[in-house]
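Quick note: numbers below take in every heavy atom, side chains included, and nothing from hydrogens, waters or symmetry partners.
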Amino acid sequence: MTISIGDTLPEAKLLRLGADGPEEVSLGALTKGRKVVIFAVPGAFTPTCHSSHMPSFIRSKDALAAKGVEEVICIAVNDPFVMKAWGEATGGAEAGITLLSDSGSAFTRAMGMTFDAPPAGLLARSKRYALLAENGVVKVLHLEESPGACDVSGGESMLDAI
């Protein structure tokens with residue numbers, strides 16, 4: 001079942017690359033008592049993710065913060081090494097966007113957001129979406145119809161919704 005507005009985000013242990021290598025991050029701890037935006041992409045370095053989705057949140061990050069968003073988090077079914085490199089390549093890390101790895105796609109499955117695109121080598125990847133969560137509860141959810149589109153899930157659309 002796909003997550004909906006009013007649902008609580010599933011608890012997840014995601015990964016990020018720290019100074020001493022991969023480190024586990026609790027999504028519940030990141031969202032508890034906080035207003036956060038989470039956007040998910042099918043894959044780091046993939047065309048739409050790289051040229052449209054991440055840049056839209058880099059452009060919108062300060063305006064989202066002005067509306068009370070405490071953190072912008074990007075999640076992808078990639079390993080933490082790829083996520084770190086992608087954050088550096090796009091400027092997302094420098095902009096303050098938190099990049100987290102759902103390498104086993106456990107969180108993506110719990111959200112009901114997986115899809116497969118075997119011709120592109122994408123298996124158990126995340127659908128493209130963006131959401132606003134307050135204290136772990138989904139308040140706004142923008143899900144793209146196609147993984148190659150970034151129409152409703154971009155930073156500007158989230159900004160307009162809140």
For this session: Kindly say whether Ser153 contributes a backbone atom to a donor-acceptor pair with the side chain of Ser157 at under 3.5 angstrom?
Result: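 No, the answer is negative, given that no donor and acceptor are paired below the 3.5 Å cut-off.
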Problem set entry | Side-chain donor or acceptor of Lys35 paired with backbone N/O of Lys67 under 3.5 Å |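 Yes: the side chain of Lys35 pairs with the backbone of Lys67.
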Exercise. Aromatic rings His53 and Phe39: how do their planes relate, parallel, tilted or perpendicular, breaks at 30° and 60°?
Worked result: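 Ring orientation, 0 to 90° scale: tilted.
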Shortest non-hydrogen contact from [X] to [Y]?
| X | Y | result |
| --- | --- | --- |
| Ala89 | Phe45 | CB-CE2, 3.8 Å |
| Val140 | Ala161 | CG1-CB, 3.9 Å |
| Ile58 | Ala95 | CG2-CB, 4.0 Å |

Same cluster or not: [X] versus [Y], using hydrophobic residues (I, L, V, M, F, W, Y) connected whenever any side-chain heavy atoms lie under 4.5 Å apart?
| X | Y | value |
| --- | --- | --- |
| Val41 | Val152 | no |
| Leu141 | Met111 | yes |
| Val137 | Val72 | no |
| Val69 | Leu99 | yes |
| Met158 | Ile97 | yes |

For this session: Could you tell me whether Glu70 and Arg34 have a side-chain N and a carboxylate O separated by less than 4.0 Å?
Result: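 Looking at Glu70 and Arg34, the cut-off is met.
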Exercise. Pairs in or reaching into residues 150-162: which pass salt bridge (Lys or Arg N to Asp or Glu O under 4.0 Å), with residues at least two apart or in two chains?
Worked result: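 Those involving residues 150-162 are Arg59-Glu156.
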For this session: Answer yes or no: are there more than 12 heavy-atom neighbours, outside Lys61 itself, under 6.0 Å from its atom NZ?
Result: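 Yes, enclosed.
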Exercise. Atom OG in Ser105, atom CG in Asn78: separation rounded to 0.5 Å?
Worked result: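 Atom-to-atom, Ser105:OG and Asn78:CG are 11.0 Å apart.
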Problem set entry | Atom pair CG (Leu17) and CE (Met83), whose distance is rounded to the nearest 0.5 Å |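 The CG atom of Leu17 sits 11.5 Å away from the CE atom of Met83.
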Problem set entry | Thr108: side-chain hydrogen bond (donor to acceptor under 3.5 Å, both in side chains) partners, not counting sequence neighbours |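 Here the qualifying residues are Asp102.
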For this session: Would you mind telling me which of Glu144, His142, Glu145 makes a side-chain contact (heavy atoms from CB on, under 4.5 Å) with Arg128?
Result: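 Exactly one pass, corresponding to Glu144.
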